[in-house]
Amino acid sequence: MPPGETSNRATAAERAGRVRVLLPLPLAGAYDYRADTERGLKPGDVVRVPLGRRMAIGVVWDGAAEAGESVAEAKLKDVGARCDVPSMTAEMRRFIDWVAAYTLSPPGAVLRMALSVPEALEPPKSVYACRLSVTAPHPDTTDPGEKLRLTAARRRVLRELADGPPRGTAELVLAAGVGAGVVRSLIDLGWLEQVEVAPPGSPGPDAARPGPTLSAEQQAAADALRTKVGQGFSVTLIDGVTGSGKTEVYFEAIAAALRAGRQMLVLLPEIALSAQWLARFELRFGAPPAIWHSEISAAQRRRLWREVAGGRVKVVVGARSALFLPFADLGLIVVDEEHEAAFKQEDGVIYHARDMAVVRARFAGVPAVLVSATPALETVINVERGRYAVVHLPDRHGGASLPAIKTIDMRRETLPRNAFLSPSLRQAIVETLGAGEQAMLFLNRRGYAPLTLCRTCGHRLNCPTCTAWLVEHRRTGRLQCHHCGYTAARPQACPSCEDDDSFVPCGPGVERVAEEAGALFPNARLALVTSDTMTGPRAVDDFLRRMAEREIDLLIGTQIVAKGHHFPRLTLVGVVDADLGLAGGDLRAAERTYQLLHQVAGRAGRAERPGRALLQTYMPEHPVMQALVALSQERNARDRFLTLEADERQRHGWPPFGRLAAIIVAGPDAPAVDRVARELGMAAPHGNGIEVLGPAPAPLALLRGRHRRRLLVKATRETNIQAAVDSWLSRVRAPSNVRIQVDIDPYSFL
Ligand code: ADP
Ligand code: ZN
């Protein structure tokens with residue numbers, strides 16, 4: 001505090017007229033403002049306050065101003081108007097404080113996620129419509145006085161309104177075929193009057209509609225979940241194989257919460273692409289849920305935010321950011337595909353939406369339901385420790401069998417140069433297509449080739465601002481950096497040796513696999529499906545329809561086709577490179593590869609026809625491959641694999657047996673970044689259950705032109721890693737061009 005300020009001498013009486021207001025900005029904490037006590041502002045009220053020269057929106061926060069931080073009475077500014085929105089609930093405020101403390105983020109940065117729709121804080125604009133006033137003459141009147149003023153155009157307008165509901169001006173102008181001036185003149189004459197109309201409401205999801213008849217196992221699982229609704233906080237894992245009816249089962253929990261009149265949230269990892277899920281929801285409940293993700297329009301966002309805050313919307317399905325919506329009366333949270341990495345937000349406030357969903361459920365005192373066929377090890381250990389309950393669905397619905405999974409040992413297959421489909425896999429495709437069934441080739445790599453190389457000098461085409469190769473995309477004819485989005489045309493001559501036309505693609509991307517498949521199966525109808533081709537809900541719908549109507553024989557895609565979809569005619573899944581995810585030093589590499597391949601394999605044989613999955617691998621003996629192969633024979637193969645994984649993590653003290661935090665130091669000036677990283681290294685805590693590794697250049701040592709260094713904090717479970725990191729970082733000063741980012745529970749090590 002500057003010398004001369006006397007805030008800590010402010011008396012309690014003076015402070016009584018103060019409120020703390022948290023602003024949605026990455027600031028250290030709440031600010032003090034003056035508020036008349038008569039105004040009765042209470043924590044949670046959304047208010048306008050002066051901030052510098054402008055007005056900002058903030059939320060009255062809990063707790064009294066502390067003497068040490070508070071501002072001198074004379075400098076206090078007055079709180080402005082209260083916004084016309086429901087107050088933020090105590091539960092939400094506690095949640096925001098908790099997330100901030102856990103992720104080591106400023107509370108204001110978390111608040112910003114909760115006030116992500118500033119326009120929603122304005123009262124909604126009224127919508128007006130016109131109707132006839134009592135003074136309006138009949139359109140066909142013969143009264144000579146009125147006839148003078150009744151032009152043909154005016155008559156048409158009056159006729160339109162004579163026997164119908166009030167109509168908006170724009171609509172009226174169109175219907176009557178007149179100019180807007182005609183309608184205005186009728187309003188001026190007092191013949192038309194404007195009335196406010198309520199925005200159209202729609203009936204919400206209806207729990208009374210009957211669901212499918214559940215199998216005994218499904219029934220037991222649904223009963224277990226139903227009894228949790230209304231019973232306070234709990235976490236339950238639905239652990240069931242793909243196609244076992246997990247969705248149908250948690251729909252029963254949703255129905256129970258709907259009957260209780262509560263609101264609920266369903267988090268899906270890729271909501272924009274979950275057309276099938278939405279269709280099923282509507283089929284079950286007779287109305288769509290409200291949808292929240294980054295691609296909905298500003299108007300939808302605004303309306304939904306207000307409806308959620310007012311408690312009028314009952315079911316919201318959304319991506320991770322939906323967790324910060326202002327539910328008035330949250331009764332249930334479901335996290336589907338809880339193991340998905342997409343739930344981790346990697347920038348801004350870095351948080352894991354599955355974990356924070358559990359925290360939000362705890363503050364709200366409501367059940368959380370986590371759903372997966374391949375639950376995260378963290379979740380499985382929580383079940384083992386008795387913190388989470390579990391319901392099992394070990395069988396596919398309707399007796400469909402799990403696909404038989406086999407490896408193809410690539411060391412024993414002979415492939416032509418620049419070919420990626422082994423003879424064994426090709427044979428299987430021939431059989432499948434011959435039987436009139438559908439096949440899918442999976443490779444989790446977009447584009448044509450991951451690397452383009454000069455055959456004369458070996459020069460590799462790199463991104464100018466990232467430590468990454470440029471990926472060739474033939475569809476667009478461009479080279480692309482998958483980290484920053486940089487694109488360039490393929491150069492004619494090598495920039496290094498200037499040899500002409502010397503570039504060759506190295507390795508496969510899906511486009512290249514599609515090219516090979518097209519040449520091998522010229523009569524098959526191919527479809528290539530990646531995030532480059534699935535550019536919106538319409539493209540997804542169209543693809544699903546073509547798949548269902550069997551306009552596609554051979555599907556080639558990335559992980560976008562691996563998830564959630566149900567293709568009854570698909571009986572063969574070929575994984576082009578099953579080893580792809582195992583490279584690199586990620587502690588979850590094996591677990592993730594297992595989850596992804598399990599999910600991809602699960603696309604096959606979802607209906608009456610049995611399916612099979614073939615994994616092309618150079619490591620058939622790897623525990624991941626072994627576990628997948630064993631899966632179709634033994635029920636406990638997955639648990640054995642998880643036990644192996646758990647042992648490995650326990651030996652190293654990795655999560656969930658220990659805690660991790662990553663510190664990323666980044667900036668445009670490499671020496672400055674190195675200096676800060678070195679200082680952090682020297683000031684690092686050690687001992688007392690804490691160990692700091694690094695600094696070391698990040699694998700992505702350059703990203704968008706910023707140099708990056710990493711440190712990794714490893715701590716025992718008993719250690720308060722946040723406190724240790726916080727006090728450590730407060731001892732190191734970074735210049736303004738160097739940013740220190742903290743990632744608690746890191747999932748990405750790039
Ligand atoms: P999961 O979520 O476990 O993958 P789903 O809930 O998607 O499984 O169910 C797989 C398929 O089986 C879906 O088409 C679903 O409608 C159907 N299904 C599941 N349970 C039943 C049931 N009891 N009655 C009728 N169809 C069911
Ligand atoms: Zn780049």
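Start at 1 and go down the list; that is how both ligands and their atoms are numbered. Just so you know, these numbers use all the heavy atoms, side chains as well, and skip hydrogens, waters and symmetry mates.
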Exercise for the section: Show which atoms of ligand 1 fall inside a sub-4.0 Å distance from at least one heavy-atom site of L214. Expected result: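 Per the distance check, 23 (N).
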Does [X] come within less than 4.0 angstrom of ligand 1, counting non-hydrogen atoms of the residue?
X	answer
R396	no
V241	yes
G240	no

Checking contacts here: is it the side chain or the backbone of [X] that comes within 4.0 Å of ligand 1, counting heavy atoms only? Could be both or neither.
X	result
H397	side chain
T242	backbone
P212	side chain
T213	backbone

Exercise for the section: Report yes if some heavy atom in the side chain of F543 is under 4.5 Å from a heavy atom in the side chain of T533; otherwise report no. Expected result: no
Practice task
Measure the shortest side-chain to side-chain distance between H397 and Q218 over non-hydrogen atoms and say whether it is less than 4.5 angstrom.
Solution key: yes
Exercise for the section: Kindly compute the distance separating CG (L332) from CG (L265), expressed to the nearest 0.5 Å. Expected result: 8.5 Å
Are any of the N/O atoms on [X], whether in the backbone or the side chain, positioned under 3.5 angstrom from an N/O atom of ligand 1?
X	result
K246	yes
G245	yes
S215	no

Exercise for the section: Check the pair H339 / H598 against ring pair (Phe, Tyr, Trp, His ring centres under 6.0 Å), numbers first and verdict last. Expected result: CA-CA 12 Å; H339 62 278; H598 182 281; 8.9 Å; no
Handout entry: Side-chain ion pair, R209 and D206, N-O less than 4.0 Å
Key = no
Handout entry: Ionic contact status for R474 with E472, cut-off 4.0 Å
Key =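 Between R474 and E472 there is a salt bridge, with a charged N closer than 4.0 Å to a carboxylate O.
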Handout entry: Option whose closest heavy atom lies nearest to atom 7 (O) of ligand 1, chosen from R284, E248, R280
Key = R280
Problem - Donor-acceptor side-chain pairing of T379 and E338 below 3.5 angstrom - result: yes
Problem - Any side-chain donor near an acceptor of the partner, E437 and T571, under 3.5 Å - result: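 Looking only at side-chain atoms, T571 and E437 do form a donor-acceptor pair, the distance falling under 3.5 Å.
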Exercise for the section: Compute the angle centred on the Zn ion (ligand 2) spanning SG of C484 and SG of C466, and express it rounded to 10 degrees. Expected result: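 About 110° at the Zn ion (ligand 2).
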Practice task
Look at the rings of H352 and Y747 and say which category their plane angle falls in: under 30° parallel, 30 to 60° tilted, over 60° perpendicular.
Solution key: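 Aromatic pair H352/Y747 classed tilted.
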